[in-house]
Amino acid sequence: MREEAVKLKSMETKLTDQQTQIPESKTSTPATRPPLPPFTRETAIQKVRLAEDGWNSCDPEKVALAYTIDSRWRNRAEFPHGRPEIIQFLKRKWAKELDYRLIKELWAYDGNRIAVRFAYEWHDDSGHWYRSYGNENWEFNDDGLMALRFASINDLPILESDRKYYWPLGRRPDDHPGLSDLGL
């Protein structure tokens, strides 16, 4: 397993906080999600961007693959446990939170844990816009799958004219400002 991480590390290019990519690895399996712990600053930033990219896909089945089969969450007042519950949670979430766009930023890391802060924009079916702010604490297993996710989130109603995220739905472009750059 560590040999795979070394091979993957040698394939990576120099990355900045806003530009993160993991090349396709022939050594990874569906049960392995590089980068693997223990995290360095660079691999923690990569992991955060990969999570952001996944969530911006708004594809519950795809997102759920980043979590262990028995992953445990706390998300607001909900406590999904396991991939099937995570998928159902995400389906409900994105049925309510329309035109969802998310930015995550590394806050701290140590060993197999990462803390992030995030903000996302969305609107409800009545056209009311919100910016949701929060923090997440993540714990990963040795295969790079997230076993624990604890999220605290607050919603701020905003005017449509106060939006800051205008990229086309999907992955945030590499040249789009991050949270700190936007003053969030």
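Computed from a prediction, not measured in an experiment: that's the story for all the values here.
Residues Ile87 and Phe79 fall into different hydrophobic clusters, defined by Ile, Leu, Val, Met, Phe, Trp and Tyr side chains chained together at heavy-atom separations under 4.5 Å.
Two rings, from Trp73 and Phe89, have their centers less than 6.0 Å apart.
Under the rule for a ring-ring contact (aromatic ring centres under 6.0 Å, His included), the partners of Tyr130 that lie at least two apart in sequence or sit in another chain are Trp122. Residues meeting the side-chain hydrogen bond (donor to acceptor under 3.5 Å, both in side chains) test with Trp129, sequence neighbours left out: none.
Relative orientation of the Trp138 and Phe140 rings is perpendicular, given thresholds of 30° and 60° on the angle between their planes. Ring geometry for Trp94 versus Tyr100: interplanar angle over 60°, hence perpendicular rather than tilted (30 to 60°).
Here Glu105 does not pair with Arg49 in a salt bridge; the nearest charged N to carboxylate O distance is not below 4.0 Å. We find that Asp53 and Lys62 are not joined by a salt bridge, their nearest charged nitrogen and carboxylate oxygen being 4.0 Å or further apart.
In the hydrophobic clustering, Leu148 connects to Phe150, either directly or through intervening members, whenever side-chain heavy atoms lie under 4.5 Å apart.
When atom types are taken as modelled, the side chain of Glu121 and the backbone of Lys164 share a donor-acceptor pair closer than 3.5 angstrom. Side-chain atoms of Arg131 come within 3.5 Å of backbone atoms of Asp162 as a donor-acceptor pair (strictly under, hydrogens ignored).
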Glu78 vs Glu85, side-chain contact (heavy atoms from CB on, under 4.5 Å): CA-CA, chis, key distance, verdict: CA-CA 10 Å; Glu78 291 194 56; Glu85 288 184 21; over 6 Å; no

